[in-house]
Asker: 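First the structure, which I've put down as structure tokens, then a few questions once you've had a look.
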Amino acid sequence: MTRIAVLLRDRCHPKECQGECLAYCPPVRMGQECIVWGEDSKPVISESLCIGCGICVHKCPFTAIKILNTPEAAEGEMVHRYGQNAFRLFRLPVPKLKRTVGLLGSNGIGKSTALRLLSGREQPNLGRYDDPPEWKEILDHYRGTELQAHLGRLAKGDLRVSVKPQYVDVLADSNLTIGSYVDQARGDTGKALGEVGLEGMEDKPLAEAAGGEMQLAAVARTLAEDVDLYLIDEPSSYLDIVHRLRVAALIRKLGETKSVVVVEHDLAILDYMADQVHLLYGESAAFGVVSHPMATRTAINTYLSGYLRDENVRFRTEPVAFTAHPPRPSTSRYELVSFPPLEKEYPHFRLRVGEGSLRKGETIGIVGPNATGKTTFVKLLAGAEVPTQGTPPSGVRVSYKPQYLKATGEATLQERVLALAAAKDFDNTFFQNELVPSLHLQPLMETPFPNLSGGELQRVAIALTLAREATLYLIDEPSAYLDVDERMNAAKVLRRAVENRGATALIVDHDVYFLDLLADSLMVFHQDGKAAGRGEGPFSMREGMNRLLASVGVTFRRDEETLRPRVNKAGSVLDREQRAKGEYYYEAA
Ligand code: SF4
């Protein structure tokens, strides 16, 4: 095992602490320079002198230090390191011609670093951040390995690469239209837009585009380029299930003739598009190890099991379990509220929702394509919008998490919670005792809101919404920006909170695995003409899934080992059989 000492620089505030790391470090107290102050007044930790006692980790008031050991499997395989006490990556994924290679792992574990190194934007330094090797030495290091040819082409500059970046929100700052942006790929723009479903949107300014439209534009531009290697980072964020499957099919097709590497957290979509997958494990922001490639089914099952046998690595204490049968309908639960038919008219959009009833202790998924009024319905119930027809239920205390999160103000989470704790409806005990540990918020308490990453902000928003005492929780797209583990964890926390409080939750989301683990019943939204949406339900999970998937034209089978849902190939025997029976998702009763 090799000792790794990491300083999370954005969390370290030496002017606001007493230098506890130095003061308490046993080797420092013995006169050794295990920790010294660096030029920027932040501590520098010597990994060779550190004895791994972990005292500094616990004493640092900002949880800015991590002391870890790398698994033996990775020793001597460091590909890149950003600095002395900074993140490092062990091993690289291997792009393959005529294959789509997936990367699956937590946030902050090195997936984006791996893509940067594969694209040539960054040159591997083999851990020698202070004395980076030349290409010749790098190529000697990888001689005889599968990566030799790839790195050789990068060194010669004759590998053409197209990259779809992870964050597409930045496109909102562009002054281009969707058409002129995709045109930069110098491919067939009309065809590219048509393939992703953006036909007729050429003239729409990116600054006015919704998140899903920006994602589709970014995918269209990347795929329109004629290059040797496509690196695609999180293509399904902001997309509804219809567009996720559409984009996944395009990427899969591209992988039949080109080299494609894709990072994806929606397991149903990753399963559908990748031929093989590398798992990434390690410690977020500290180090990451890329596993050897596995067949996609094996890789996802291994990930869900939480144990990578080949390398004797456990990355979760419990496996994630699915069932092939839907949960029992919750007829025994008391009704919380019923709502009459509701309508909302805007100048360019009309929503109609049929009457329905919500039960106490129930978690209801809301599914359907984008732009069918799911968020509008949630806002009508939350009182954030007034219906044109129908009266939403009154007397229901609502706590609402919006779809798009904004980190306003400079306050830290700790300061925000202190301010909220004075409010009557904020359950601070529940927040501190249940939500902080289960959503892993402790290390974020001293971080100012603008410094939180997308996934961190999402976890904080879920916690603050659940900490408010309410009878109805309306939670819009909680899985956005969360990695697979965070999604599974959030599903558990949401369910437990709703059941324990005897409340009801409506959850808008597009991730089938997330909804499978979370929901007792489903409301389904459809397109109802060109500029109108229609909502129905809640239905039992079986009926809701059948209604949704029949409208999308997709069937799922169950994995024999884990019972997780897997997308059927269109027109396969199973696909045809299930369509004929009208069972799109669950096994026949
Ligand atoms: Fe010192 Fe290492 Fe112990 Fe930290 S973990 S206090 S650096 S010996």
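Values reported hereafter were calculated over all heavy atoms of this structure, with side chains retained and with hydrogens, waters and symmetry mates removed. Count residues from 1 along the sequence. For ligands, and for the atoms within them, numbers begin at 1 and follow the listed sequence.
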Asker: Scan residues 408-433 for pairs that pass salt bridge (Lys or Arg N to Asp or Glu O under 4.0 Å), counting only residues two or more places apart or in two chains.
Answerer: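 Sorted result for residues 408-433: Asp425-Arg468, Asp427-Arg501.
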Asker: Are Arg244 and Asp266 within salt-bridge range, i.e. N to O under 4.0 Å?
Answerer: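 Judged by the 4.0 Å cut-off on N to carboxylate O distance, Arg244 and Asp266 do form a salt bridge.
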Asker: Can you count the protein N, O or S atoms that lie less than 2.8 Å from atom 4 (Fe) of ligand 1?
Answerer: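 Count of protein N, O, S atoms less than 2.8 Å from atom 4 (Fe) of ligand 1: 1.
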Asker: Using the ring-ring contact (aromatic ring centres under 6.0 Å, His included) rule, collect all pairs that involve residues 108-145, keeping only residues at least two apart or in two chains.
Answerer: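 Sorted pair list comes back empty.
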Asker: Step through it carefully: locate the ring centre of Tyr513, locate the ring centre of Phe322, and say whether they are under 6.0 Å apart.
Answerer: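 Yes.
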Asker: Please list all pairs meeting salt bridge (Lys or Arg N to Asp or Glu O under 4.0 Å) that have one or both residues in residues 506-518, counting only residues at least two apart or in different chains.
Answerer: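 Checked against salt bridge (Lys or Arg N to Asp or Glu O under 4.0 Å) - neighbours excluded - the pairs reaching residues 506-518 are Arg487-Asp511, Asp516-Arg558.
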Asker: Could you point out which residue of Val277, Leu308, Asp485 forms a side-chain contact (heavy atoms from CB on, under 4.5 Å) with Tyr303?
Answerer: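 Among Val277, Leu308, Asp485, the one meeting side-chain contact (heavy atoms from CB on, under 4.5 Å) with Tyr303 is Asp485.
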